[in-house]
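Below, each value reflects all heavy atoms present in this structure, side chains not excepted, and no hydrogens, waters or symmetry copies. In what follows, chains carry the letters A, B, and so on, assigned in the order in which the sequence lines appear, proteins first and then strands, with residues in each chain numbered from 1.
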Amino acid sequence: MSDGASPLLSVKGVTLQYRTRDHLVTATYRVSFNVYQSDRFVILGPSGCGKSTLLKAVGGFIRPIEGEMRLNGVEISKPGPDRILVFQEFDQLLPWKTVKENITFALVASHTLNAREAAQRAMFYIEKVGLTEFADNYPHTLSGGMKQRVAIARGMAMEPAILLMDEPFAALDALTRSKMQEELLRLWDDTKFTVLFVTHSIPEAVRIGNRILLLSAHPGQVKGEINSSGADIPHADGTTLSGRIERLLFERSVTEKSSAHV
Amino acid sequence: MSDTRAIQHERPEFVCTIQTSGYGVVEKPLSTWEKLADFGGLRKTLILLFLALIWEVYARWLGNPLVFPTFTATALAFWNGLVSGEIPSATFHSMKVLFQGYLIGLVLAGLFTAFASATRIGSDLLETLTAMFNPLPSIALLPLAMIWFGLGTGGIIFVLIHAVLWSVALNTHAGFRSVSPTWRMVGQNYGLSRIGYVTRILIPGAFPSILTGLKIGWAFAWRTLIAAELVFGANAGGGGLGWYIFETKNALEIPSVFAGLLTVILLGIVVENVVFLTIEKRTVRRWGMQT
């Protein structure tokens, strides 16, 4: 932990609201957290806790109505290539571009590199995710897991200050999912990139994260931050990490309800 | 039994080793005959030949070339028309007018769609205008067009624009709106400029719809053109395919009338099955956006 060092991403008292057709929904309420260099920071919470909205706000797609978000001390105001989002949806790859073009397009469009350097870097990251022989394939010929690998390769090729992952493995089958988690950790071992990872799966949070932010449901509020070593080993009091997280996420909502009766 | 999940029928477990050869055909090339039968163009050619045969037999049986000439007489008239240069020059004239109308229609459709995508009032305007004018057959506007734009090709181009504009604008606009939000976010995420966003995300993302609009617009324009030439061709300076059909009918050269119709059909087939199909194969089908 980089105690004392200034955080890479600081989120302070952020309240997010969005409009549906007939409601104004508060997604998160006064959420604060700090992400440091090379963190694998996981935002964990039940469905509807506004974790995806929070990630999109960090991405610059939604403006908070209260609070501030700073990346390297600079206020986040709009989307930009220093914060690359990896989505859950398989259709995040542009179907009219091949695997390689999807990555080079991103690098060239953001003025990160010129065409030749972009092609080199694209192949480097395609190789890292083990898809070299599919570089010239169009996305619709790939499986779901391969598409997510390409999306991750694209995100990493941009070498952003922080990679934002919005449940990237949620739409995959269990076997592929587990394999992808392992691959993500292996990639992290290589380059130690900073990642902000949203999930609703406790085992995934424990496995991926080194620091886990727990959010309550509706609207999302911070319940705590927990360290994870990656393995679900029993704590001093005999409970496993995932057991502790489950209790934290579950128990407090019970006490909240009972305190409401008092 | 206390444990209801216990195995009811005891069976030994077993594990197999998988054979690596000796299971007959895994993959073998198809025979020439199978390949030919799979070739759609060949099957359709056979159908055409069969239809031509029926035509020939019926016309001979009818024996009235003024009403229904034989296939061979039509083919001969078509050949003569080609050799004498009448059909090529009529085709050229029609195509020239058609392209002018089509292109102006596309440009206007582009402007309308841009306005409609940029503002809500523009979107309302486009939707209202399309709802009004799309069902209105272009040919119904021709009498008015001749008063407004005179007897030259101006009137015909006006109705062609009307035929193309609404279907293309409607489809393009619908296509833009249906571009997936994820692609939009991807485009914004990589810091595309406004123009880059339109040309690299919106247009390719909406391309299946745009292509449909182009095809419908082309079909409308083509039909409108022939009809307009047929009715008013004499006034519009003549020379088009519709005019050719009209003129040969007046001269009672019925095989040439059929030859003119055949030309219209052939051009339609070529544009639909060669031009648009090629575009489709190189774009949306290759991208897996349309099967």
Side-chain angles (χ1 to χ4, degrees), chain A residues 52 55-62 76-99 101-113 118 136-142 147-148 150-151 154-155 157-158 160 162-166 168 171, chain B residues 27 110 113 117-118 120 123-124 127 171-215 276-291:
Chain A
S52 286
L55 197 75
K56 291 201 172 86
V58 175
F61 293 97
I62 302 166
I76 292 169
S77 60
K78 59 178 175 43
D82 54 347
R83 287 149 285 138
I84 296 299
L85 262 160
V86 176
F87 300 90
Q88 177 184 343
E89 292 86 5
F90 293 155
D91 75 351
Q92 62 189 301
L93 301 180
L94 306 174
W96 52 91
K97 292 185 186 296
T98 62
V99 165
E101 285 165 0
N102 258 289
I103 300 174
T104 51
F105 140 81
L107 290 165
V108 175
S110 59
H111 304 291
T112 312
L113 293 177
D136 293 321
N137 277 41
Y138 281 93
H140 73 102
T141 60
L142 305 180
K147 285 182 194 168
Q148 292 311 81
V150 178
R154 183 171 70 181
M158 293 293 295
I162 184 166
L163 194 61
L164 311 172
M165 303 182 103
D166 186 7
Chain B
E27 195 176 282
T113 319
S117 307
R120 195 160 68 169
S123 165
D124 291 343
E127 274 161 28
N171 278 287
T172 310
H173 186 49
F176 279 0
R177 274 192 309 190
S178 66
V179 168
S180 129
T182 318
W183 295 342
R184 289 171 190 270
M185 283 203 267
V186 166
Q188 289 168 340
N189 203 172
Y190 294 103
L192 284 177
S193 64
R194 246 186 121 71
I195 293 173
Y197 181 66
V198 173
T199 55
R200 307 185 71 163
I201 303 286
L202 283 187
I203 291 181
F207 204 68
S209 292
I210 295 176
L211 197 59
T212 308
L214 291 178
K215 273 158 87 173
F276 281 118
L277 198 68
T278 311
I279 297 179
E280 222 172 80
K281 274 187 186 157
R282 295 228 169 136
T283 57
V284 288
R285 289 204 196 172
R286 194 164 167 216
W287 305 336
M289 293 168 86
Q290 193 184 67
T291 47

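Each of A:A109, A:P95, A:G80 has some count of heavy-atom pairs under 4.5 Å with chain B, and the biggest count is that of A:P95. Chain B forms the most heavy-atom pairs under 4.5 Å with one residue out of A:A106, A:P139, A:P79, and that residue is A:A106.
Using modelled atom types, no side-chain atom of A:W96 and backbone atom of B:T283 make a donor-acceptor pair closer than 3.5 Å. At least one donor-acceptor pair under 3.5 Å links the side chain of A:Q148 to the backbone N or O of A:F87. With hydrogens and angles disregarded, a donor-acceptor distance shorter than 3.5 Å links the side chain of B:N189 to the backbone of A:R83.
Looking at A:K78, there are no atoms closer than 4.5 Å to chain B (heavy atoms on both sides), in backbone or side chain. Heavy-atom distances place the backbone of A:L93, and not its side chain, under 4.5 Å from chain B. Looking at A:Q92, the atoms closer than 4.5 Å to chain B (heavy atoms on both sides) sit in the backbone and in the side chain alike.
Checking B:T212 against B:N171 by side-chain atom types alone, no donor-acceptor pair falls below 3.5 Å. Side-chain atoms of A:R154 and B:Y190 form a donor-acceptor pair, as typed in the model, at a separation below 3.5 Å.
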